[in-house]
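First up is the structure itself, then whatever we jot down about it.
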Amino acid sequence: MSSTPHGLAASLLRWDIFCAVIDNYGDIGVCWRLARQLVAEHGVAVRLWVDDLSRFVQLCPQADPAADTQAVGGVEVRCWHATLDAGVEPAEVVIEAFACEPPASYLVKMAGRVRKPVWINLEYLSAEAWVEDCHLMASPHPRLPLVKHFFFPGFTARTGGLLREHDLLARRDAFVADGRASDAFWHATGFVPPPADVLRVSLFAYRHADVRGLLQAFAGCGRPMLCAIPDGPLLDEAAVFLGRDALRPGDEVVAGSLIVRVLPFVAQPDYDALLWCCDLNFVRGEDSFVRAQWAARPLVWHIYPQAEDVHLGKLDAFMARYVEGLAVDAGTAIARLAHAWNAGDALDAPLAAVLACLPALQAHACSWAARLAAPPGLAARLAEFALDRLQ
Ligand code: TRH
């Protein structure tokens, strides 16, 4: 077992992860997944500070939204109040997720340490080339004797990699190989398993998505389709398309050759099962986007919108990487659908082109996931970096 100069076995290392929930689920989604993996696979003690437990419990229903301190999944989850208790001592490794800025009082205590904690800013995922140059960049604090390191997730060996539990792909393959597992998922969400000849699509996107346009394209594509929509902001538009006042979890509505099912918002680990049950996944943000890639199924990414369409450049950077090695027609089709979905353009023709290439896209999704899984995952790279810094 590796150890630090303190003679501290790696397993005794304490990590603090600070997570400020900006909006949506991604911030806490990524931090919760990382925290669990560090505890389960790297044997460290993790304290996860979250400033909005109500969002956390949607991903982790067994958690208590009112508890100041609770142990969940081996992680010590703390409610991050404006001021931290005076008794809180910094950990040996401090993760500041998405530049959320740990409390000033906490930084002062870090600076007061003889052996300074390793301070890491976990950045957002991007497929853009510049990430490689910024990964692990050091930034001295303007006043305190502290150095912050920027850790960029990414798709190449010169980045921080992607979050992936060590047994994820084996669990996926076992799930896919066992039809009873997907049947159980549908039953658990309140539905019978869909007919075998129906193309199953999951739909998770931002509120501004052209849901009616997409459902219209599904209904008009000439093949039986099932669209599973988790409970959330898309239901309003879906209800309008289906001529309903409202839609709720458990609802199933048939529109010609299209079946729309409204699923409950499931616990984070179960979201993988939804992705594994579908033939095509519409995902968003960061964490669901990465999970869809590990699911080894074709995906369409609704990227988090940014000012001046900066996000479209990020989308192009990913699509350029993703279509490498893919037949031109299939590559063009999936990139065109992703663009149309993010730009709010017409979806019928782009969807038809993708459906025509689905076997090639499916095969590519498998090789893409296998290629991404070759190097170590983000948690392992983070742990290695932190231990190196503590040497
Ligand atoms: O919720 P998001 O849009 O999060 C976003 C992004 O992370 C974005 O990068 C960031 O800037 C913004 O937040 C602030 O999308 P994301 O990242 O996919 O996170 C969704 C999480 O919700 C993911 O962990 C999966 C989880 N989830 C469930 O647990 N159950 C569900 O039923 C569904 C649909 C999702």
Side-chain angles (χ1 to χ4, degrees), residues 17-37 48 50-52 54-63 72-73 97-100 121-128 131 152-154 162-165 168 185-186 188-191 201-209 211 227-235 238 247-250 261-278 281-295 299-307 310-312 314-315 317-318 341-342 378:
I17 301 179
F18 286 92
C19 176
V21 177
I22 311 295
D23 56 7
N24 303 307
Y25 302 97
D27 309 278
I28 185 59
V30 167
C31 294
W32 173 226
R33 195 179 294 290
L34 173 61
R36 289 201 316 274
Q37 189 177 0
L48 173 59
V50 187
D51 68 349
D52 178 357
S54 68
R55 196 62 55 93
F56 173 57
V57 292
Q58 290 183 272
L59 302 183
C60 180
Q62 72 267 35
V72 195
F98 313 121
C100 65
N121 178 36
L122 178 62
E123 282 286 347
Y124 286 114
L125 171 64
S126 172
E128 294 161 296
V131 164
F152 284 83
L162 301 171
L163 274 176
R164 180 187 85 247
E165 298 82 1
L168 175 64
F185 173 80
W186 289 113
T189 54
F191 299 96
V201 177
S202 74
L203 177 56
F204 182 48
Y206 292 111
R207 178 183 299 280
H208 63 276
V211 171
C227 180
I229 311 179
D231 188 12
L234 305 184
L235 297 185
L247 290 171
R248 292 176 191 78
R261 284 182 172 177
V262 180
L263 271 59
F265 192 93
V266 297
Q268 195 186 45
D270 300 328
Y271 180 66
D272 287 316
L274 172 60
L275 298 172
W276 300 342
C277 280
C278 291
N281 292 306
F282 285 71
V283 290
R284 73 184 204 192
E286 179 163 336
D287 191 62
S288 62
F289 167 54
V290 172
R291 301 315 279 190
Q293 296 174 63
W294 296 133
L299 69 123
V300 181
W301 183 25
H302 202 219
I303 189 171
Y304 187 76
Q306 293 178 282
V310 167
H311 57 290
L312 294 181
K314 291 177 183 291
L315 176 71
F318 172 73
W341 181 229
N342 282 278
L378 184 145

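Every number for a ligand or one of its atoms is a count from 1 in the order of the listing. Given the structure is predicted, the values throughout are model-derived calculations rather than measurements. The figures that follow rest on heavy atoms only: side chains count, while hydrogens, waters and symmetry mates do not.
Interface atoms of ligand 1 facing Asp23, defined by a heavy-atom separation under 4.0 Å, are 12 (C), 13 (O), 14 (C).
Any N or O atom pair closer than 3.5 Å counts here, and Gly26 shares at least one such pair with ligand 1. Close N/O approach between Leu59 and ligand 1 is not found [any backbone or side-chain N/O within under 3.5 Å].
With a heavy-atom cut-off of 4.0 Å, Trp32 does not touch ligand 1 at all. Proximity of Pro230 to ligand 1, defined as any heavy-atom pair under 4.0 Å, is confined to the side chain (atoms from C-beta onward). Neither the backbone nor the side chain of Val283 has a heavy atom within less than 4.0 Å of ligand 1. Counting heavy atoms closer than 4.0 Å to ligand 1, residue Phe98 contributes nothing at all. Both the backbone and the side chain of Tyr25 come within 4.0 Å of ligand 1, counting heavy atoms alone. With a 4.0 Å cut-off on non-hydrogen atoms, Tyr304 touches ligand 1 through its side chain and not its backbone.
Of the listed options Trp301, Tyr124, Phe265, Tyr206, Phe265 places a heavy atom closest to atom 35 (C) of ligand 1. For atom 6 (C) of ligand 1, the nearest non-hydrogen atom from the set Pro269, Ala20, Gly29, Gly285 comes from Gly285.
If you look at Tyr304 and Tyr124, their ring centroids are not closer than 6.0 Å.
Judged by distance alone, the side chain of Asn121 and the main-chain N or O of Ala99 form a donor-acceptor pair under 3.5 Å.
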